[in-house]
Amino acid sequence: MTPNSSAPLLPIATEGQDPRYADVDVWPVASVLEALVESQMSAIAAVRAATPELERAINAALPRLLAGGRLFYVGAGTSGRIGMQDGVELLPTFGWAPERLVLLLAGGNDALHQAAEGAEDREDVARTDILAHNPGPDDVVLGIAASGSTPYTCAAVAAARAAGSLSIGIACNQGGRLMDVAELGIAVVTGPEVISGSTRLKAGTAQKAALNLISTTLMIRMGHAYRGQMVDMRVVNAKLRQRACRMVRTLSGSTEQQALSALEATRFNVKRAVMLCAGIPASQIEPLLVAHDGNLRAILGQAPLPGQR
């Protein structure tokens with residue numbers, strides 16, 4: 001799609017100039033840092049103001065993901081890279097299955113390492129990219145665009161919505177196109193940057209925080225965390241083996257040796273090791289996980305906390 005040059009351009013707050021920072025290039029370093037810190041704090045305040053919209057999006061996404069749907073992240077430039085970072089970290093942290101994660105960045109993987117800003121205008125490519133993954137009714141698509149008007153992101157989100165997926169748009173401006181094409185729009189309004197137009201600053205912080213809240217809450221509600229612990233964490237190195245042992249001991253009240261034995265018996269799967277230490281026979285672990293959608297609290301029921309036995 002080629003922009004219509006005769007169409008009036010809507011003002012984009014994140015592209016605006018804040019007169020307070022007109023002379024920031026001659027300020028002392030301490031003053032520059034203070035201004036940047038203040039802007040970061042305002043970004044988090046904007047996310048907090050959007051929590052009702054975040055809650056609505058999470059409640060809409062949860063049943064689809066519990067039914068086996070996939071989580072899509074779509075964006076361009078800084079917004080797209082922020083989305084990819086949030087998404088890819090779900091795999092080691094919460095054991096999210098790779099086949100249930102789709103990461104779409106305008107310009108492809110090359111855009112991770114170098115700017116590919118022209119790619120954000122390719123609506124035809126966006127539709128091809130997302131439809132190649134056959135989005136369906138159980139899938140959840142997160143479209144991220146600081147401006148709220150990025151053509152690639154808007155086109156991909158619109159195509160996914162037409163295919164029946166839940167589409168969620170996250171922008172740092174009110175009234176952008178993304179808010180119209182997405183089924184659920186979340187406006188985290190951050191305003192002008194200290195450096196005009198550099199949305200890698202507080203707009204980037206706001207987007208990362210919003211995505212962090214959405215994905216982490218979804219993972220918690222889906223049973224990938226139990227009593228504040230990452231019980232589906234992938235144990236892939238020595239540091240994480242030590243962390244896994246501490247988690248099993250904390251959650252089950254077992255000794256270090258008992259925890260290690262249970263971890264070794266379950267190929268260092270924290271959730272299954274906790275179940276073993278809780279006295280659940282190995283033959284019952286998989287049926288219980290299936291019956292309770294992997295929710296450890298539901299499986300253990302009203303078992304007393306460690307130290308209360």
Nearest 0.5 Å, what's the NZ-CD1 distance between K208 and I44? 10.5 Å
In short, V189 meets A46 closest at the heavy-atom pair O-CB, 3.3 Å
With hydrophobic residues grouped by side-chain heavy-atom distances under 4.5 Å, do L142 and M219 end up in a single group? yes
A50 and I186 have their tightest heavy-atom pair at CB-CG2, 4.2 Å
State plainly whether one hydrophobic cluster holds both F268 and V270, where clusters connect Ile, Leu, Val, Met, Phe, Trp and Tyr through side-chain heavy atoms under 4.5 angstrom apart. yes
Hey, can you pull the donor-acceptor pairs under 3.5 Å for the side chains in residues 276-290, sequence neighbours left out?
residue, atom, partner, partner atom, Å
E286, OE1, R272, NH2, 3.2
E286, OE2, R272, NE, 2.7

Using 0.5 Å steps for rounding, measure from the CG atom of D139 to the OG atom of S167. 11.5 Å
So, taking the atom named CE in M247 and the one named CE in M230, what distance separates them when rounded to the nearest 0.5 Å? 5.5 Å
If you look at every heavy atom in G83 and L103, which pair is closest and at what distance? O-CD2, 4.5 Å
Give a yes or no answer on whether the side chain of S261 reaches the backbone of Q258 with a donor-acceptor pair at less than 3.5 Å. no
With Y73, which of L90, V88, I82, V140 fulfils side-chain contact (heavy atoms from CB on, under 4.5 Å)? L90
I'd like a table of donor-acceptor pairs (distance under 3.5 Å, sequence neighbours excluded) in which one partner is a side-chain atom from residues 58-65, with atom names and distances.
residue, atom, partner, partner atom, Å
N59, ND2, E55, O, 3.4
R64, NH1, P137, O, 2.6
R64, NH1, G164, O, 3.3

Is atom CZ of R100 surrounded by more than 12 heavy atoms (other residues, nucleotides or ligands) closer than 6.0 Å? yes
Spell out, yes or no, whether F72 and L54 are grouped together once hydrophobic residues are joined by side-chain heavy atoms under 4.5 Å, including indirect joins. no
Output for pair (M84 CE, E89 CD), nearest 0.5 Å, gives 12.0 Å
Hey, could you give me the CD/CG distance between Q207 and L211, rounded to the nearest 0.5 Å? 7.0 Å
Can you check whether L213's main-chain N or O pairs, donor with acceptor, with T216's side chain at less than 3.5 Å? no
Answer yes if L66 and L184 sit in the same cluster of Ile, Leu, Val, Met, Phe, Trp and Tyr residues linked by side chain heavy atoms under 4.5 Å apart, and no otherwise. yes
Output for pair (I170 CD1, M179 CE), nearest 0.5 Å, gives 8.0 Å
Between V125 and L104, is there a shared hydrophobic cluster once you connect ILVMFWY residues whose side-chain heavy atoms come closer than 4.5 Å? yes
Can you check side chain to side chain contact (heavy atoms under 4.5 Å, CB included) on L105 and R81, steps first, answer last? CA-CA 7 Å; L105 176 65; R81 288 185 283 270; 4.3 Å; yes
Tell me the closest heavy-atom pair linking K202 and A43, and the distance in Å. O-CB, 3.3 Å
Give me the other members of the hydrophobic cluster that I220 sits in, counting Ile, Leu, Val, Met, Phe, Trp and Tyr linked by side-chain heavy atoms under 4.5 Å, directly or via other members. none
Taking the side chain as every heavy atom from C-beta outward, state whether S42 and T190 have any pair of such atoms under 4.5 Å apart. no
Salt bridge (charged side-chain N to carboxylate O under 4.0 Å, His left out) filter on D232, not counting sequence neighbours, yields K271
L300 and V274, any side-chain heavy atoms less than 4.5 Å apart: yes
For T150 and E120, which I'm curious about, is there any donor-acceptor pair between the side chains at under 3.5 Å? no
Which atom names give the shortest non-hydrogen contact between A259 and R249, and what distance separates them? CB-CG, 3.6 Å
What are the two closest non-hydrogen atoms of A206 and V47, and how far apart are they? O-CG2, 3.5 Å
Please assess V194 against D18 for the test side chain to side chain contact (heavy atoms under 4.5 Å, CB included), listing each intermediate value before the final yes or no. CA-CA 7 Å; V194 173; D18 189 328; over 6 Å; no
Counting distance only, does the side-chain N/O of R70 pair as donor-acceptor with the main-chain N or O of H133 below 3.5 Å? yes
In the hydrophobic clustering that connects Ile, Leu, Val, Met, Phe, Trp and Tyr at side-chain heavy-atom distances below 4.5 Å, which members other than L33 occupy its cluster, ordered by chain and number? V29
Modelled atom types, side-chain donor and acceptor of E193 and S198, under 3.5 Å: no
For D86 and I214, what are the C-alpha separation, side-chain angles and deciding distance, and is it a side chain to side chain contact (heavy atoms under 4.5 Å, CB included)? CA-CA 10 Å; D86 190 78; I214 291 172; over 6 Å; no
Evaluate the side chain to side chain contact (heavy atoms under 4.5 Å, CB included) criterion for residues D293 and M222: first the C-alpha distance (whole Å), next the side-chain angles of each, then the deciding distance (0.1 Å), finally the verdict. CA-CA 8 Å; D293 293 321; M222 293 180 71; over 6 Å; no
Quiz: residues 151-163 side-chain donor-acceptor pairs under 3.5 angstrom, not counting sequence neighbours:
residue, atom, partner, partner atom, Å
Y152, OH, D129, OD2, 2.6
R161, NH1, V181, O, 3.2
R161, NH1, A182, O, 3.2

